[in-house]
Novice: 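Structure provided below as structure tokens; questions to follow.
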Amino acid sequence: MLKEYESKKQPAADNRDSLKGTLFSTIVFVGGAIVLWTLVLLILFIMRF
């Protein structure tokens with residue numbers, strides 16, 4: 001009975017870890033894209049003068 005409970009519990013933990021990884025990746029990529037785009041716009045603005 002205990003092994004059945006442990007085997008049912010494991011995929012939920014895997015899903016949670018996978019969700020944390022997905023959230024972290026999304027934050028890193030979206031944040032990085034925003035910072036990169038801001039730098040590109042800033043460089044283009046500075047080069048205009």
Side-chain angles (χ1 to χ4, degrees):
M1 183 93 177
L2 185 60
K3 287 192 175 205
E4 288 178 18
Y5 176 73
E6 287 178 358
S7 66
K8 288 181 182 177
K9 184 181 169 187
Q10 191 64 29
D14 289 345
N15 282 342
R16 197 175 313 122
D17 290 343
S18 176
L19 189 62
K20 284 181 183 178
T22 303
L23 184 64
F24 177 74
S25 297
T26 302
I27 290 171
V28 166
F29 282 116
V30 171
I34 291 170
V35 169
L36 189 66
W37 184 239
T38 304
L39 287 174
V40 167
L41 289 177
L42 188 64
I43 289 170
L44 289 173
F45 181 74
I46 289 171
M47 286 174 58
R48 191 177 64 137
F49 292 112

Novice: Which value, rounded to the nearest 0.5 Å, describes the distance between I43 atom CD1 and T38 atom OG1?
Specialist: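 Atom-to-atom, I43:CD1 and T38:OG1 are 11.0 Å apart.
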Novice: Could you state whether F29 and V35 fall into the same hydrophobic cluster, counting links through intermediate Ile, Leu, Val, Met, Phe, Trp or Tyr residues with side-chain heavy atoms under 4.5 angstrom apart?
Specialist: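 No; tracing contacts between hydrophobic side chains, which count when under 4.5 Å, never links both residues.
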Novice: Please identify each residue that fulfils ring pair (Phe, Tyr, Trp, His ring centres under 6.0 Å) with F45, with sequence neighbours left out.
Specialist: F49
Novice: In Å, rounded to the nearest 0.5 Å, how long is the span from CG of L41 to CD1 of I46?
Specialist: 11.0 Å
